[in-house]
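Contents: one structure, followed by commentary.
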Amino acid sequence: MSRTLLVRLSAAILFLLVSWIAYTQNQKQPPELAINKVKDDLYYVEGDGGNVAVYITNEGVILVDDKFEQDHDQIVAKVKSVTSQPIKYILSTHHHADHSGGNTKFHTEAEIISTANARANIVAHKQSNAPDNMVPARVVFTQETAVFLGGKEARARYFGRGHTNGDALVYFPALRTLHTGDLMSGATPLIDYPGGGSVVEWTKTLDEALKLDFDTVIPGHGKVTDKAGLKAYRDNVEKLRTRAQGLIRGGKSQEELAKVMQAEFGWQPNGLQMQWSIPGMMTELK
């Protein structure tokens with residue numbers, strides 16, 4: 001073999017090796033997560049999927065949601081950065097993979113609890129773009145449940161449909177704090193009609209939640225806010241519903257409705273709101 005050919009072959013092999021290393025590193029590294037203190041022994045982990053609440057007790061940790069499967073190790077590391085207590089329970093707010101995808105790994109480490117509808121939605125693969133290996137909760141409830149651990153309480157409530165038909169809100173009474181899941185997320189609602197969601201019922205569900213005694217809100221996505229912030233979000237859902245209903249009952253087409261939602265409420269042209277919400281609104285609001 002000539003020296004020139006050997007050099008070229010070595011260079012090609014080196015190039016392929018470097019490319020493969022870069023590819024595998026990119027595939028295996030999820031976005032960096034951050035943990036922030038809410039108050040006292042309550043924190044939340046943000047980044048990648050939905051916000052994960054972390055409630056520390058002297059007998060273990062209670063989580064609310066667990067993001068995607070790929071975030072498992074980072075969530076565990078973030079929890080370990082603030083406590084040596086193990087994760088004992090996970091209260092799931094709903095079935096979407098950015099909130100319950102971590103069940104795939106956490107189900108062998110902690111007890112996962114969700115609404116009965118959220119479990120059924122995972123079993124029935126209601127989320128079309130979810131991974132095939134989603135794992136549902138083993139313990140479910142229909143209206144209310146609570147976890148008492150280390151003298152502290154985390155209370156999960158189901159008030160009705162909204163984002164999906166299985167949305168749980170998790171209330172920390174001692175801290176007057178509420179985790180809303182995606183019943184509050186972003187600036188405007190994503191109504192998952194394939195998953196049983198309802199823009200009509202959404203405001204009714206939040207009206208019940210607003211009756212609770214709380215001053216702090218951890219949304220499904222976004223920064224921690226307060227009760228006034230949740231009320232403002234509820235009012236925006238009502239504004240959107242009223243606008244959409246007027247257009248639909250006025251004879252506007254699905255395409256025309258989509259253009260208004262994009263222009264006035266910031267819905268993205270190729271986003272999930274266009275895929276999941278617009279067709280369902282055309283039926284529910286007619």
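Along the sequence shown, the residues carry numbers beginning at 1. Here the structure is a predicted model, which is why all the values come from computation and not from measurement.
- Looking at every heavy atom in both residues, Asn165 comes nearest to Asn117 through O-ND2, 2.7 Å.
- Remark: Trp267 engages no residue in a ring pair (Phe, Tyr, Trp, His ring centres under 6.0 Å) (not counting sequence neighbours).
- Heavy atoms of other residues, nucleotides or ligands lying less than 6.0 angstrom from CZ of Arg138 number 12 at most.
- Listed by chain and residue number, Tyr55 satisfy the ring pair (Phe, Tyr, Trp, His ring centres under 6.0 Å) test with Phe172 (two or more places apart in sequence, or in another chain).
- Scanning both residues, Leu149 and Thr57, for their nearest heavy atoms gives O-CG2, 3.2 Å.
- The minimum heavy-atom distance between His179 and Ala53, with the atom names listed, is CD2-CB, 3.7 Å.
- The heavy-atom pair separating Arg119 from Ser114 by the smallest distance is N-OG, 3.7 Å.
- Under the ring pair (Phe, Tyr, Trp, His ring centres under 6.0 Å) criterion, His221 pairs with His99, not counting sequence neighbours.
- Around NZ of Lys39, the count of heavy atoms belonging to other residues, nucleotides or ligands within 6.0 Å exceeds 12.
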Next item on the list: Could you please spell out the steps behind the side chain to side chain donor-acceptor pair (under 3.5 Å) verdict for Thr93 and Asp65?
Entry: CA-CA 6 Å; Thr93 62; Asp65 288 343; 2.8 Å; yes
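- Nearest heavy atom pair, residue Ser198 against residue Ile191, reads N-CG2, 3.5 Å.
- Ring geometry for Trp276 versus His96: interplanar angle of 30 to 60°, hence tilted.
- In this structure, a donor-acceptor pair under 3.5 Å is present between the side chains of Gln70 and Asp48.
- Note on residues 248-258: no pairs pass salt bridge (Lys or Arg N to Asp or Glu O under 4.0 Å), not counting sequence neighbours.
- For the residue pair Tyr193 and Glu284, a side-chain donor N or O sits within less than 3.5 Å of a side-chain acceptor on the partner.
- Between the side chain of Tyr89 and the backbone N or O of Val64, no donor-acceptor pair lies under 3.5 Å.
- With hydrogens and angles disregarded, no donor-acceptor distance shorter than 3.5 Å links the side chain of Asp71 to the backbone of Lys67.
- Taking a 4.5 Å side-chain heavy-atom cut-off between Ile, Leu, Val, Met, Phe, Trp and Tyr, the cluster of Val135 contains only that residue.
- Sorted by first and then second residue, the pairs that involve residues 220-231 and meet salt bridge (Lys or Arg N to Asp or Glu O under 4.0 Å), not counting sequence neighbours, are Glu46-Lys223, Lys231-Asp235.
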